[in-house]
Amino acid sequence: MHSNMRVASDEDVDVAARDLAVRFAEASRTVARAQAAQARVLADAAGLGMRRVAELVSVSSREAELPVRALAAELGVAANMSDRTVQRRMNDAAVLAESFPATFDAWDAGRVGAGHVAVIMEHGTPLTNPKARAVFEREALARAEGTTPGRLASSLALLAESLQPRKLTERHQEARATRGACVRDIGDGMAEFSTIQPAVLAHAMHDRITQQAQALKKADPFDTRTLDQIRADLVADMVLTTSPTVETGAGMSDGFGGLGAIRAIVKSVSDGLCKGQCS
């Protein structure tokens, strides 16, 4: 008995794979163009909101937000999205249109995707000099069209740093002044507590509570909490039961000249982090 079936050759498989790759690439470009079109609408909405705010006369800061919030709510209903999300994306689209027009055009054409755009904005926005930002954007787009957003990020971090007019140490000194803590209600009796810290302290804090959480899990095999849940419980316990001293009250990250005040345990953690990231 002869079968009508035949075994696919390597050449057949390669042709099929190439066809799928071509179709996938075109579909990805279509998605990118659609996302860019949506961002254009959001940028236009942000512009309209700002014009309406400018038309207001002698209003409070709260009332000045109403035109933008009303537009965000209108668009949110149309797209089944929260008005808060729409307003955030309106702001992002406005920044993109004003500060990175060439990137917006490349997105429109489907040459880059949303991931590339986000990376370019993340690393390019801190460049306040228009000429430096233009140089950054031109080089960033040249690199973006041939790589993934993840690989692009590490490349652009170095590029942006090279175009900064001030040294990192000087910028860090200024950025430390933005540290703080805040609470945001998220519903169902829950809230999000977050804090902005110098990076070395933030990583050390996270590493410390992670080590402590792992130690607690190891000591009690019947503990059903996840590592994240234990970390959250540890933060609450430390903050609510620890009394500040004169030294901590002055500020570990600022009161004693910055990083020189960090205790040995934090130094060892940061050294370990550096070795892990740089090796």
Side-chain angles (χ1 to χ4, degrees), residues 25-56 59 61-153 155-157 159-160 163-164 178 182 184 186 192 194 196:
E26 181 53 39
S28 298
R29 284 190 289 270
T30 299
V31 169
R33 288 191 288 264
Q35 290 175 326
Q38 188 183 57
R40 288 287 184 189
V41 174
L42 293 171
D44 290 344
L48 176 59
M50 289 298 98
R51 289 194 297 274
R52 289 182 175 178
V53 168
E55 292 170 357
L56 299 176
V59 295
S61 58
R62 183 177 181 83
E63 290 175 321
E65 296 176 359
L66 293 179
V68 176
R69 290 172 60 183
L71 279 170
E74 185 77 19
L75 269 60
V77 170
N80 295 321
M81 297 169 61
S82 73
D83 54 350
R84 189 180 297 272
T85 297
V86 172
Q87 189 168 347
R88 175 180 55 80
R89 292 179 60 179
M90 284 168 58
N91 293 337
D92 290 344
V95 172
L96 181 63
E98 180 178 353
S99 302
F100 303 94
T103 300
F104 218 150
D105 290 342
W107 196 11
D108 276 328
R111 300 199 309 272
V112 297
H116 297 97
V117 173
V119 169
I120 291 172
M121 289 184 65
E122 176 187 353
H123 294 284
T125 300
L127 295 170
T128 56
N129 183 286
K131 291 184 178 179
R133 186 184 294 151
V135 171
F136 170 85
E137 183 179 28
R138 184 167 56 251
E139 180 61 28
L141 284 174
R143 300 181 187 185
E145 294 183 32
T147 190
T148 65
R151 291 176 179 172
L152 180 66
S155 171
L156 294 191
L159 174 62
L163 294 171
Q164 281 285 2
T178 67
C182 64
R184 180 175 67 91
I186 56 178
E192 179 182 80
S194 61
I196 298 176

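FYI, side chains are in, hydrogens and waters are out, and symmetry mates aren't considered; it's all heavy atoms of this structure.
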To the nearest 0.5 Å, what is the distance between [atom1] on [X] and [atom2] on [Y]?
| X | Y | atom1 | atom2 | value |
| --- | --- | --- | --- | --- |
| Leu156 | His116 | CG | NE2 | 10.0 Å |
| Thr125 | Phe136 | OG1 | CZ | 8.5 Å |
| Asp44 | Leu75 | CG | CG | 10.5 Å |
| Glu192 | Cys182 | CD | SG | 7.5 Å |
| Met50 | Leu71 | CE | CG | 9.0 Å |

field: Arg143 bridged to Glu139 by N-O distance under 4.0 Å
entry: yes

Give the minimum heavy-atom separation between [X] and [Y], together with the two atoms involved.
| X | Y | answer |
| --- | --- | --- |
| Pro67 | Gly49 | CB-O, 4.1 Å |
| Arg40 | Asp105 | NH2-OD1, 3.0 Å |
| Pro101 | Glu137 | N-OE2, 3.6 Å |
| Ala32 | Trp107 | O-NE1, 3.2 Å |
| Ala43 | Ala97 | CB-CB, 4.3 Å |
| Arg33 | Ala109 | NH1-O, 3.6 Å |

So do the side chains of [X] and [Y] get within less than 4.5 Å of each other, counting heavy atoms only?
| X | Y | result |
| --- | --- | --- |
| Arg133 | Phe100 | yes |
| Met121 | Ser99 | no |
| Pro126 | Gln164 | yes |
| Ile120 | Leu152 | yes |

- prompt: If you draw a 6.0 Å radius around CD in Glu74, do more than 12 non-hydrogen atoms from other residues or ligands fall strictly inside?
  reply: no

task: Could you tell me whether Glu26 atom CD has more than 12 heavy atoms of other residues or ligands within 6.0 Å of it?
output: yes

message: One pair to check against side-chain contact (heavy atoms from CB on, under 4.5 Å): Arg138 and Val135. What are the steps and the verdict?
response: CA-CA 5 Å; Arg138 184 167 56 251; Val135 171; 3.7 Å; yes

message: Out of the candidates Val53, Val86, Asp83, only one should pair with Val68 under the side chain to side chain contact (heavy atoms under 4.5 Å, CB included) rule; please name it.
response: Val53

